[in-house]
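First the structure, in the form of structure tokens, and then the observations on it.
Scope of the values below: all heavy atoms of this structure, side chains included, with no hydrogens, waters or symmetry mates. Note on naming: letters A, B, ... go to the chains in the order of the sequence lines (proteins, then strands), and numbering restarts at 1 for each one.
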Amino acid sequence: MADTPQPPRLKRGQVVLREHSYDGIQEFDQKLPNWWLYTLYGAIVFSIVYWFILFQANNGQHDINDIENAISDIQAARLAALGSFDDPTLWQMSQNPTLIARGEATYVTHCQACHLASLKGKDEPGGIGENLVDGTWKYGGTPTEVMHIVLKGSPDKASGMQAWESQLGAVASAEVVAYIMSHHTAP
Amino acid sequence: MLLKASTKEAIKPHKVTIEYEDATVRMFMIASIIWGAVGMLVGVLVAFQLNFHQLNLGLEWLNFGRLRPLHTNGAIFAFVGNMMFAGVYHSTQRLCKCRTASKTLSLIHFWGWQLIIVGAAITLPMGITQSKEYAELIWPLDIMVAVIWVIFGINFFWTLAKRNEPSLYVAIWFYIATIVTVAMLYVVNNLQLPTSIMHGYSIYAGVQDALVQWWYGHNAVAFFLTTPILGIMYYYMPKAANRPVYSYRLSVVHFWSLVFIYIWAGPHHLLNTALPPWLQALGMLFSLMLWAPSWGGMLNGLLTLRGAWDKLREDPVLKFLAAGVTFYGMATFEGPLLSIKSVNALSHYSDWTIGHVHGGTLGWNGFMAAGMFYWLAPRLWKTKLYSVGMANLHFWLSMVGILLYVASMWVSGITQGLMLNATEADGALLKYPDFVETLNAIRPMMLTRAVGGTLYLIGWFMLIFNIFKTIMGKEPVTEKIDVMVSEDTLYRSSTVRGLINWPLTYSLLLILFSTVWFLADGLLMILSLMASFAVVLIAIVHFQFSGKKWADWYDRFLENSMVFTVVTFLAVVIGGAVQIIPSLTINADKVIMAEGRVQGLYTPLELAGRDIYISEGCYNCHSQMVRTMVPDVLRYGDGERYSKIGDSIYDHPFQWGSKRTGPDLAFEGGKRPDVWHYNHFLDPRSTSPGSNMPAYPWLFKQKLNVNQLPSKINTLRILGNPYPEMDDETIITLAQEQAMEITQRLLRDGAIADPDTKVIALIAYMQKLGSYEQPSFVPGANADSSVAAHE
């Protein structure tokens, strides 16, 4: 197209229609919309500044530092929450109808699939968890021992229960223990 | 081109008659219409399966995990692929004023492509897959794809070389970008070492594989679903509207910025994961920068309709094209939004992403396809569209379908994302610890989606009927044109002259300096940043003084397809190289030094289980990536652990996943008893009431083929996994012993299983997930990662 004649000088706002046509398709040569250009430039400038601040003025590790700090906070909160549940408290809870009802609700959602509504677990068809009402305890029968298993899971996870601490937390675990212990009597 | 140069002197102006080769265009068009229906039908089925697990029918080859890849591959490669080929073959001939170079190659291309699709439709439901999303096809099919694609490329560039139109129109630029980039992406992502005729292991592992896969996956969207369709838009939109394109200048700027920037944005699929933070930042920033270039395409499409808006009322073709471009604008606005790290923390792994991609495929690709087919059919068969009314009805039905689909997925994704991320007790406890509760919250939305998809499918059946009635009994036309061939119409610029010029020099210098700035530290970093700014300033000043010459240069540039192709390839190769090459140096030793721990090597049985996991498509619903976010750590990491690079360093291919219809499994090992998994695979609802996971009864019957294990272990050793030298018998015995151990444990817990069955291997794999070793030579490594380690 080098030999096409020079287009006349443009007036303000006038649009060039390029001479060449491809299979009948012609093209205007409109100026780029300003808002569009500024969006592109803005994104480029933002990217340069962001990169500079994040990786060249800092070390770029803030995600890792943030999550490590958060994990440490979670652990601290868990330890603090556990402190208030000892055997006398849990036995007391096991006699409070409100707490038993709450514990039962949690039991139905999370525990019943393996331990069954009867709490008899694998001693009845369909159950795969331990029997919780037969008076024998694999890992100790005090409320705190039971609670420990609920929170941390069975020591033998290849055939025992998972840990529930992350899902239930200390309070809901204590309520479940209260519900289980309400089927037993304090010594 | 050589031929042309040598005969150049001999040519006197004369008239030739060109007969276009449209037979293959017709074939590609009909193939696209039919595969489109198949792809959408499977899509509707899998959508309903998510609500009604019974629809999996207990049949292995109708299971969600195997059908979803069939749906995605069918929609992308069979539906859009054939549509793209029809458009490219049809428009390129007209834009080059010449017949397609070789009908034989066109026919090989057509039948080869259909053969690949049939191969995919057979292998994927059989569970024969390599699990990388939209790259599931196994290596023999991969090779076929590469060969057929090269044939397509040869035919296309040969046609360009024969062209009687000196200058390349913008549609052709997009086709060129498509052909070179898809070839590069497909080959690099599928590099693997075969273990058998049906199976191979990716040469990349863990984080490398994730990076390469999403470089591919993201740019398959860019260069398979976007650039060719933009090219198609640039031809059919002005044709159908009978209006000039809005702005040539915008075409130039948005084309080059799009192809250069797109390729960098892949890591936005891996935000907040174990991917190194600098790569995550690149993914996010380039996605933000991509917004304007994408909208450049939309603007050029929509503003071309200025002065022709009234035609939209009557003409279904323009309706579809205009709506398609609008959906393109919507999806490319949403994309950068979802790439912002904090937004992604909510949206990723959720249905929001599913809604986003369907805005693209149903809205942009599907509508552009419909518009093009309604325009093409009457012209290729020299007749009139059977029913304009029915086409309009198709439009409105599909529109309602898409809106239902996308809107319900927004609500679904945001609802579930908020529920999954909600914490209480100062962030120490999840508000909705039960995953199934969040799943059941979105069931109404998932059902609405399935209804929307069904409406869209019904619309497509109307298109099939309408086009069938249009062309039935009609004679296919052979279109001819007269072209004046003279020296003037031949391409003139030499390769060297095309390559040496200021705009290109400035661009390359800018890319060089900014790349150094990215990667360097200290003084070099500051200097290269300043040099980048200097190049921009000098280029702007230079342009101000010689604007006309630059425009002339670009006109000349457009007359040399080879130079154009080389420069396009340079533009698309840089981003991938900068991101991928540094990650190739990551290895287990470095990870142990940095992280103090490394993934436990899979035993032969666990490896067999992993291949079953891949084969059943578990990755379609389960991720293996606990992100650096409190809710993820609480839900999947026992409140103390998130995924690090070393956790998947031996994983060929990686299994980080992209969607969580079920919970993450990165650290599943050792959390629950074997018998739980046994019951869960047999009937997921017995252990997880309310779950929508399909049952896997066949895993309890089918025998595991342990004879494949030696070849697999040896292949992984070659790829760098530190397996000791073992003879075949040892490997098989190891697998059998571990299977026996698990079977006995199951028996003790009251479950009866045959040690040779697949379910045993799968349980072995589940129990291995998240295990790690802490090699003793590492200074400062903790004995375990229990609570005490974090005090």
> Considering heavy atoms only, which positions within residues 129-144 of chain A lie below 4.5 Å of chain B?
Replying inline: none

Side chain, backbone, both or neither: which part of [X] has an atom under 4.5 Å from a heavy atom of chain A?
{"X": "B:V630", "result": "both"}
{"X": "B:S686", "result": "backbone"}
{"X": "B:L168", "result": "backbone"}
{"X": "B:L288", "result": "both"}
{"X": "B:E437", "result": "neither"}
{"X": "B:L299", "result": "side chain"}
{"X": "B:N300", "result": "neither"}

For each of [options], tally heavy-atom pairs with chain B at distances under 4.5 Å, and name the one with the top tally.
{"options": "A:A172, A:G160, A:G126, A:G42", "result": "A:G160"}
{"options": "A:R78, A:M161, A:Q112", "result": "A:R78"}
{"options": "A:T109, A:L37, A:D29", "result": "A:D29"}

> Any ring pair (Phe, Tyr, Trp, His ring centres under 6.0 Å) pairs touching residues 84-124 of chain A, not counting sequence neighbours?
Replying inline: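 Checked against ring pair (Phe, Tyr, Trp, His ring centres under 6.0 Å) - neighbours excluded - the pairs reaching residues 84-124 of chain A are A:Y107-A:Y179, A:H110-A:W164.
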
>> Is a donor from one side chain sitting under 3.5 angstrom from an acceptor on the other, for A:S118 and A:E124?
In response: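 Yes, side-chain donor-acceptor contact under 3.5 Å.
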
> Where does A:I44 contact chain B at under 4.5 Å (heavy atoms): side chain, backbone, both or neither?
Replying inline: both

